[in-house]
Amino acid sequence: MIKQKLLNHLSSALQQAAPQLNNLAVDDTMTAAFRLERPRNPEHGDYAVNVSFLARHTKMAPPKIAEVLQGVLSDDRMIVTVVGGYLNFQLSTAFLAEALVGIIHSPAPGCNDGLSEERVLLEYVSANPTGPLHIGHGRWAALGDAIIRLMRHCGAEVTAEFYINDAGVQMGNITTSVYWRCVELLKADGLLSGPVELPETLPYPGEYVLDVAKAYLADAQRQAHLLSASPSEPSAEARQAIQDFSREFLLSDQRALLDRMRVPFESWISEKEYLYDRGVIPETLDALTRKGFTYEAEDALWFKSTEFGDEKDRVLRKSDGSFTYLMPDIAYHHDKFSRKDDQGQARYNRILNIWGADHHGYIPRMRGAIQALGHSPDQFEVLLGQLVNLIVDGERTRMGKRRKMLTLQDVVDEVGVDATRFWMVSKSADTSLDFDVDLAASATSENPVFYVQYAHARCCSILRNAVESPVNVDSGEVAQPFVTAEALQVFEQNLNIQTLAPLFDSLPDPKEQQVLKALLLMLDGFEDVVRDAARFRSPHFVTQYAQDVSAQFHSFYGVCRILTPEPSLTQARLMLIRAIQKTLAQALDLLGVSAPERM
RNA sequence: GCCUCAGUAGCUCAGUUGGAUAGAGCAACCGCCUUCUAAGCGGUAGGUCACAGGUUCGAAUCCUGUCUGGGGUGCCA
């Protein structure tokens with residue numbers, strides 16, 4: 001990376017120049033403080049750095065400091081100039097060519113070891129199996145999977161986990177709803193007569209509940225069993241059967257959609273089986289109690305979360321004897337921290353969750369519980385995603401699952417997986433997202449994902465045309481290809497700075513040179529983008545970057561013809577196209593978006 | 001009330017350890033298809049970075065306060 005090389009240059013220059021800088025005692029914080037940036041104004045060079053921050057350490061004027069540093073920064077591959085407190089670097093083509101060679105020979109552009117110490121458990125989506133995934137789940141899914149791909153590209157080890165919320169009040173609610181839909185269907189078919197009154201409203205009124213009921217009744221035995229009992233109140237056995245069926249039915253729907261969205265999970269954890277049935281909850285509760293962080297009051301059992309900064313204590317076991325949502329969730333997080341690898345070491349050193357912003361108040365109590373159980377709260381991290389507004393017919397509707405509205409499935413059907421995923425991650429997670437369904441569906445040209453995919457497809461097309469024999473449309477004559485595939489392969493393998501010379505020498509127009517340089521510097525900076533995106537859990541850095549590269553490429557395409565009669569020139573330019581194509585394909589892959597070879 | 005996220009071009013948004021003239025897409029206007037994909041390119045126009053103070057060589061960015069909007073503030077999940 002060019003940037004890293006320049007920073008190294010700067011550090012050693014600072015060491016070397018210390019005597020001339022009032023005997024500055026150089027330390028790491030100073031060398032780390034250099035902020036190398038790409039100036040907007042081309043007159044300020046290809047890279048620039050502001051040295052004003054050294055003024056307070058050296059008691060010297062910024063321009064003077066810059067001058068001193070300029071004196072010791074010698075490299076025949078660049079020109080260093082001073083403007084005010086800035087050092088401006090004008091890079092020679094040798095630098096750029098080296099960067100290009102690096103990308104061509106890299107098996108995976110942007111790959112780095114910035115997060116190689118991280119062993120991450122990322123839990124996300126984690127919907128109740130009580131209905132279809134909604135649009136917000138789509139955002140967490142796209143966000144989480146992109147973050148996982150990014151972190152892995154930075155050397156982290158990540159496990160994706162889906163926590164199935166299949167215990168608790170909501171499961172009872174879906175069971176009740178499905179049951180009454182069954183009764184409704186049986187009545188409609190005339191199989192059930194008598195004075196059965198359906199409830200005015202169901203806990204889950206959505207139409208999908210009817211589908212669950214239909215599927216349940218499709219089995220003759222189950223239907224007969226329902227008919228044999230009093231319809232006004234289902235037996236415990238019937239309730240259990242309906243609940244189990246509904247869970248499977250709705251969960252498999254969710255899984256199918258996540259599969260389709262290319263969002264895989266290595267691990268599916270059932271709240272009911274994993275926590276309730278195995279007794280993890282009482283164990284955790286005992287641990288909390290032994291440490292003295294619980295007490296009984298008002299017939300309930302409380303957690304002293306105020307001891308950890310929460311605004312009030314929280315109920316763990318309700319007065320009716322059942323647990324709140326918090327208790328199993330604490331047990332779950334206790335388990336996450338307690339998992340061991342083959343050597344008996346802690347399996348993870350980062351417990352990362354993606355939650356909707358509506359859960360933000362929940363963080364202090366969970367962090368408190370983690371601390372109370374003796375785990376490191378610093379390893380616990382919650383990424384809060386702001387909610388999604390659906391815009392239908394220009395009208396904003398709030399997301400929610402209790403009302404009839406567009407589900408994630410509907411949206412994916414309408415706009416496709418690629419556009420959905422790209423759109424969902426293209427805005428910072430902490431800003432609420434307007435998802436305009438009509439726009440995303442109709443907007444082929446307005447949708448940035450197509451812009452990037454088109455740039456990629458265009459690169460592929462050029463690379464194809466380069467080695468294919470063109471056929472004259474009028475005469476039907478078959479001409480020689482611009483280069484043979486074999487020759488291009490050899491050229492690519494032996495690529496070096498000298499062979500790339502034609503790429504730079506052939507563009508005498510400074511404006512064209514500028515576009516080429518901007519493109520190369522952008523490609524060279526991919527690694528930084530990937531690292532920052534992973535570190536800040538911000539895939540939107542990558543969508544932004546992919547759009548920038550695409551724009552720069554389209555612009556280059558306009559000013560410079562790639563395929564020419566001259567082989568060495570053509571081959572050199574094809575290397576640039578190859579580098580763009582590789583980088584865009586990698587960027588799209590990190591977002592879980594496909595990179596089509598033709599459009 | 002308290003917690004939290006946001007407020008930047010007509011609209012949707014970038015701008016992460018404070019740096020040179022604040023950017024992009026869409027919408028608007030003017031151009032460009034005989035030529036490797038026009039799902040494209042070039043250009044014009046559009047701004048008191050919500051407001052007021054403060055910190056300093058320097059603030060969209062940091063601090064304080066105010067205003068507006070979203071979310072939260074359950075023995076729901």
Side-chain angles (χ1 to χ4, degrees), chain A residues 32-33 35 37 39-41 43-44 48-53 55-56 61-62 83-86 88 126-128 130 165 167-171 173 271 298-302 311-312 314-320 322-326 328-329 356-364 384-387 389 391 398 426-434 436 439 443-455 457-466 468 470 482 532 535-536 538 540-541 543-544 547-548 550-551 553-564 570 573-574 577 598-599:
Chain A
R35 283 285 291 164
E37 59 180 34
R40 299 192 208 303
N41 186 340
E43 286 173 24
H44 294 144
V49 67
N50 189 320
V51 299
S52 303
F53 71 94
R56 56 182 75 113
V83 181
Y86 282 88
N88 295 329
S126 298
N128 289 349
T130 55
N165 280 224
V169 181
Q170 299 304 332
M171 290 310 290
N173 286 340
E271 179 183 4
E298 302 163 47
D299 297 330
L301 187 71
W302 298 70
E311 53 191 20
K312 55 180 283 200
R314 308 291 170 175
V315 172
L316 295 175
R317 196 180 57 218
K318 305 180 213 172
S319 49
D320 69 1
S322 67
F323 292 118
T324 59
Y325 177 76
L326 180 62
D329 214 16
D358 52 339
H359 284 60
H360 95 87
Y362 195 75
I363 296 174
L384 283 181
Q386 295 293 317
L387 304 186
N389 297 311
I391 304 206
R398 185 138 317 287
S426 63
K427 309 278 157 64
S428 157
D430 36 60
T431 178
S432 61
L433 183 81
D434 283 341
D436 189 325
L439 186 74
T444 47
S445 70
E446 293 168 18
N447 205 321
V449 68
F450 291 108
Y451 183 78
V452 176
Q453 288 181 319
Y454 179 62
R458 210 178 212 187
C459 287
C460 291
S461 168
I462 294 169
L463 291 163
R464 266 197 311 273
N465 291 341
E468 277 171 9
F482 289 95
D532 285 347
R535 190 181 290 157
F536 296 108
S538 297
H540 74 276
F541 291 175
T543 59
Q544 192 85 17
Q547 290 175 83
D548 290 345
S550 300
F553 161 63
H554 286 310
S555 185
F556 181 77
Y557 179 90
V559 298
C560 179
R561 206 186 146 75
I562 316 301
L563 302 177
T564 74
T570 301
R573 287 182 179 164
L574 283 171
I577 301 306
R598 25 183 124 230
M599 288 174 78

Reckon [X] touches a base, only the sugar-phosphate, or nothing at all at heavy-atom distances under 4.0 Å?
X: A:A457; answer: base
X: A:N50; answer: base
X: A:A300; answer: base
X: A:A167; answer: nothing
X: A:C560; answer: base

Listed pairs, N/O of protein and of nucleotides 56-58 of chain B, under 3.5 Å:
residue	atom	partner	partner atom	Å
B:rC57	N4	A:R56	NH2	3.3

N or O in side chain of [X] less than 4.0 angstrom from [N] OP1/OP2:
X: A:R458; N: B:rA38; answer: yes
X: A:Y557; N: B:rG42; answer: no
X: A:K318; N: B:rC76; answer: yes
X: A:S555; N: B:rG40; answer: no
X: A:H554; N: B:rA39; answer: no

From [options], nucleotide with atom closest to [X] side chain:
X: A:S538; options: B:rC75, B:rC13, B:rU16; answer: B:rU16
X: A:S461; options: B:rC36, B:rC75, B:rG15; answer: B:rC36
X: A:F541; options: B:rU16, B:rC75, B:rU12; answer: B:rU16
X: A:Y362; options: B:rA39, B:rA77, B:rC36; answer: B:rA77
X: A:L563; options: B:rC75, B:rC36, B:rU12; answer: B:rC36
X: A:Q170; options: B:rU12, B:rC75, B:rA77; answer: B:rA77

Using whole Å, report how far [atom1] of [X] lies from [atom2] of [N].
X: A:F482; N: B:rU35; atom1: CZ; atom2: P; value: 13 Å
X: A:M599; N: B:rA38; atom1: CE; atom2: P; value: 13 Å
X: A:F323; N: B:rA77; atom1: CZ; atom2: C1'; value: 16 Å
X: A:H540; N: B:rG25; atom1: NE2; atom2: C1'; value: 15 Å
X: A:D434; N: B:rG7; atom1: CG; atom2: P; value: 14 Å
X: A:K427; N: B:rG7; atom1: NZ; atom2: P; value: 13 Å
X: A:Y451; N: B:rG40; atom1: OH; atom2: P; value: 7 Å
X: A:F556; N: B:rC36; atom1: CZ; atom2: C1'; value: 12 Å

Start at the 5' end of RNA chain B and walk down; is the nucleotide closest to A:S550 or to A:F536 reached first?
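Comparing both residues, the 5'-ward one is A:F536.
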Closer to the 5' end of RNA chain B via nearest nucleotide, is it A:D358 or A:L326?
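The residue closer to the strand's 5' end, by nearest nucleotide, is A:D358.
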By side-chain contact (heavy atoms from CB on, under 4.5 Å) - contacts of [X] (at least two apart):
X: A:Q544; value: A:D548
X: A:A167; value: A:E271, A:K272, A:Y276
X: A:T324; value: A:V315, A:K318, A:L326, A:M327
X: A:Y325; value: A:Y163, A:N165, A:D329, A:Y362

Let me confirm one number: the CG-CG distance from A:L301 to A:L316, rounded to the nearest 0.5 Å.
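A:L301 CG to A:L316 CG: 5.5 Å, rounded to 0.5 Å.
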Distance in Å, A:N88 CG paired with A:E43 CD, rounded so as to fall on 0.5 Å steps:
10.0 Å
Between [N] and [M], how many Å separate the two [atom1] atoms, rounded to a whole number?
N: B:rU21; M: B:rC49; atom1: C1'; answer: 15 Å
N: B:rA9; M: B:rU4; atom1: C1'; answer: 28 Å
N: B:rG15; M: B:rU73; atom1: P; answer: 28 Å

By side chain to side chain donor-acceptor pair (under 3.5 Å) - contacts of A:S428 (at least two apart):
A:D430
Can you list everything that forms a side chain to side chain donor-acceptor pair (under 3.5 Å) with A:S126? Sequence neighbours excluded, please.
A:E123
Would A:F553 and A:R458 satisfy side-chain contact (heavy atoms from CB on, under 4.5 Å), going step by step from the backbone distance to the final call?
CA-CA 10 Å; A:F553 161 63; A:R458 210 178 212 187; 3.9 Å; yes
Identify the pairs formed between an N or O of the protein and an N or O of nucleotides 20-24 of chain B at a distance under 3.5 Å, and give each distance.
residue	atom	partner	partner atom	Å
B:rA20	N6	A:N88	OD1	2.8
B:rA20	N1	A:N88	OD1	3.4
B:rA20	N3	A:H44	NE2	3.4
B:rU21	O4	A:N41	ND2	2.4
B:rG23	OP1	A:R40	NE	3.2

What I'd like to find out is whether the side chain of A:I562 reaches to under 4.5 Å of the side chain of A:L574, using heavy atoms alone.
yes
Among all residues two or more places apart in sequence or in another chain, which pass the salt bridge (Lys or Arg N to Asp or Glu O under 4.0 Å) test with A:R314?
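Checked A:R314 against salt bridge (Lys or Arg N to Asp or Glu O under 4.0 Å); matches are A:D310.
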Please identify each residue that fulfils salt bridge (Lys or Arg N to Asp or Glu O under 4.0 Å) with A:R535, with sequence neighbours left out.
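Salt bridge (Lys or Arg N to Asp or Glu O under 4.0 Å) list for A:R535, sorted by chain: A:D532.
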Is it true that a side-chain atom of A:T570 and a backbone atom of A:T564 form a donor plus acceptor pair closer than 3.5 Å?
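Answer holds: yes.
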Does A:S550 form a side-chain contact (heavy atoms from CB on, under 4.5 Å) with A:V452? I'd like the steps, not just the answer.
CA-CA 6 Å; A:S550 300; A:V452 176; 3.7 Å; yes
Apply side-chain contact (heavy atoms from CB on, under 4.5 Å) to the pair A:Q386 and A:L433, showing each step before the final yes or no.
CA-CA 7 Å; A:Q386 295 293 317; A:L433 183 81; over 6 Å; no
Have a look at B:rC26 and give me syn or anti from its glycosidic angle (syn if within 90° of zero).
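Anti, since the glycosidic angle lies more than 90° from 0.
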For nucleotides 1-6 of chain B, tabulate all protein N/O to nucleotide N/O atom pairs closer than 3.5 Å, reporting atom names and distance.
residue	atom	partner	partner atom	Å
B:rC3	O2	A:H360	NE2	3.1
B:rC5	O2'	A:D430	O	2.3
B:rA6	OP1	A:D430	OD1	3.4

Tell me, with the steps shown, if A:R464 and A:R598 meet side-chain contact (heavy atoms from CB on, under 4.5 Å).
CA-CA 10 Å; A:R464 266 197 311 273; A:R598 25 183 124 230; 3.5 Å; yes
Write out the stems for RNA chain B, ordered by first number and formatted as range with range, counting runs of at least 3 consecutive Watson-Crick or G-U wobble pairs under 3.5 Å.
B:1-7 with B:67-73, B:10-13 with B:23-26, B:28-32 with B:40-44, B:50-54 with B:62-66
